[in-house]
Amino acid sequence: MKLPRDFYARDTLLVARELLGMHLVHVGAGSAGWRRVGRIVETEAYKGADGDRAAHSWRGPTPRNRVMFGPPGHAYVYFVYGMHFCFNVVTEPEERACAVLVRALEPVEGLSERTSGPALLCRAMGIDRSCNGVDLCGPVLWIEEPGGGAAARRRVRVGRSARIGVDYAGAWAQRPWRFFDRDSTFVSTARRSSARSPRTTRSTSSR
DNA sequence: GGCACGATTGCT
DNA sequence: GCAATCGTGCCT
């Protein structure tokens, strides 16, 4: 059953945690008729309105991040490193600029490529810039509770850690806002981030 | 208009 | 450890 918009309209940390075990579904239109399904096993929370400097939205709306400022339950897909896409779910009430990044999936149906890692899962699921802004309560791309319902989700043993690849965000990078299924072998392996000077304080008050 | 850098990945 | 590769956002 498709998750309703109310599910996404809640606190981002809660949504990030509860998305673990849910199924991400993407269907192709017309005669192409394909269907790809992956079980979410790793997520990260980003809270723009709270000043989270790791969030794309922390400075305010721009053409690129505008979807994050819109209503919850929509896909925020962005292009990075000149070659990759990352998939997020917009959370909390409009203007809160919060989202959950989906970082890894366990293949369930129609997936033949690797799904461990935010960019890899987008490639495997066929998610690209055309999915940006898509309503997750619509007929093309959505998240649903798998068969077995709440009982199945309850079995997820949730692990937490700091978010990956956001060292530039200073103290915000230390927050344990990454959630993962401790029993899944599809969780992305966090590459060793520069564990050097813990304090990279920059005071760029130029403007 | 220019330029540094990224919510990554893969190869050396 | 570093290149690939280009859109975005901040700067001159």
Side-chain angles (χ1 to χ4, degrees), chain A residues 8 12-13 15-17 19-20 24 38 40-70 72 74-92 96-105 107 111-133 136 143 159-180 185-197 200-207:
Chain A
Y8 304 104
T12 306
L13 296 182
V15 174
R17 191 163 55 234
L19 278 178
L20 295 179
L24 174 61
I40 298 173
V41 296
E42 181 181 348
T43 61
E44 281 181 359
Y46 288 87
K47 307 186 65 164
D50 289 346
D52 174 11
R53 295 175 70 124
H56 288 167
S57 54
W58 80 276
R59 283 176 192 268
T62 68
R64 177 218 206 181
N65 67 24
R66 68 184 168 73
V67 175
M68 285 186 76
F69 289 82
H74 287 253
Y76 168 48
V77 179
Y78 64 90
F79 184 62
V80 276
Y81 295 110
M83 63 190 100
H84 299 303
F85 291 102
C86 289
F87 168 77
N88 298 257
V89 169
V90 177
T91 58
E92 305 200 19
R96 284 282 300 157
C98 296
V100 172
L101 169 70
V102 177
R103 294 190 53 92
L105 302 173
L111 294 174
S112 53
E113 300 174 59
R114 280 173 299 170
T115 52
S116 297
L120 287 173
L121 79 84
C122 279
R123 191 150 55 113
M125 288 290 292
I127 293 172
D128 59 24
R129 73 180 83 243
S130 72
C131 296
N132 189 42
L136 296 176
I143 299 174
R160 294 183 64 159
S161 80
R163 292 170 295 180
I164 295 174
V166 294
D167 288 350
Y168 58 81
W172 291 95
Q174 323 268 341
R175 303 280 186 112
W177 288 358
R178 170 174 176 251
F179 300 86
F180 56 92
T185 58
F186 288 87
V187 172
S188 73
T189 55
R191 186 159 303 194
R192 197 87 203 102
S193 57
S194 54
R196 274 189 239 107
S197 54
T200 316
T201 311
R202 281 187 311 165
S203 54
T204 19
S205 56
S206 58
R207 188 174 252 298

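In this text the structure is predicted, and so the values were computed from the model without any measurement. Below, chains carry the letters A, B, ... as their sequence lines are ordered, and counting in each starts from 1.
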Legend entry - Value in whole Å for how far the P atom of B/dA7 lies from CZ of A/Arg175: 18 Å
Legend entry - Sugar-phosphate only, base, or nothing, as touched by A/Arg114 at under 4.0 Å among non-hydrogen atoms: sugar-phosphate
Legend entry - A/Tyr78 vs B/dG6: side-chain N/O to OP1/OP2 distance below 4.0 Å: no
Legend entry - Atom-to-atom span, CZ of A/Arg129 to C1' of C/dT5 - whole angstrom: 12 Å
Legend entry - From A/Glu42 atom CD to A/Leu105 atom CG, the distance as rounded to the nearest 0.5 Å: 10.0 Å
Inset, instruction - Applying side chain to side chain donor-acceptor pair (under 3.5 Å) between A/Arg96 and each of A/Thr12, A/Asp50, A/Thr91, report the one that passes. - result: A/Asp50
Inset, instruction - Nearest whole angstrom, please: distance from the P of C/dC10 to the CG of A/Asn65. - result: 10 Å
Legend entry - Approximate separation, where rounding is to 0.5 Å, of A/Ile40 CD1 and A/Phe179 CZ: 13.5 Å
Legend entry - Whole angstrom value for the distance that separates P of B/dT9 from NE2 of A/His84: 6 Å
Inset, instruction - Please tell me if the side chains of A/Tyr76 and A/Asn132 come closer than 4.5 Å, counting only heavy atoms from C-beta onward. - result: yes
Inset, instruction - Scan A/Arg163 against the nucleic acid and name what it touches under 4.0 Å (heavy atoms): base, sugar-phosphate only, or nothing. - result: nothing
Legend entry - Candidate nucleotides B/dT9, B/dT8, B/dA7, ranked by approach to the side chain of A/Val166 - the nearest: B/dA7
Legend entry - Interatomic distance, A/Trp177 CH2 vs B/dA7 P [rounded to whole Å]: 16 Å
Legend entry - Watson-Crick or G-U counterpart of C/dT8, or none if no pair lies under 3.5 Å: B/dA4
Inset, instruction - Figure out the CG/P separation between A/Asn88 and B/dG6, and round it to whole Å. - result: 17 Å
Inset, instruction - Give A/Ala54 one of three labels, base, sugar-phosphate or nothing, depending on what nucleic acid heavy atoms sit under 4.0 Å from its own. - result: base
Inset, instruction - Measure from CZ on A/Arg59 to P on B/dC5 and round the result to the nearest Å. - result: 13 Å
Legend entry - Stacking of A/Phe79 on C/dG7 base (centres under 5.5 Å, planes under 30°): no
Legend entry - A/Trp177 vs A/Leu13 side-chain heavy atoms within contact, under 4.5 Å: yes
Legend entry - First of A/Thr62 and A/Gly82 reached from the 5' end of DNA chain C, by closest nucleotide: A/Gly82
Inset, instruction - Could you work out the separation of B/dG2 and C/dT5 based on their P atoms and round it to a whole Å? - result: 23 Å
Inset, instruction - Provide, to the nearest angstrom, the distance between the CZ atom belonging to A/Arg123 and the P atom belonging to C/dA4. - result: 18 Å
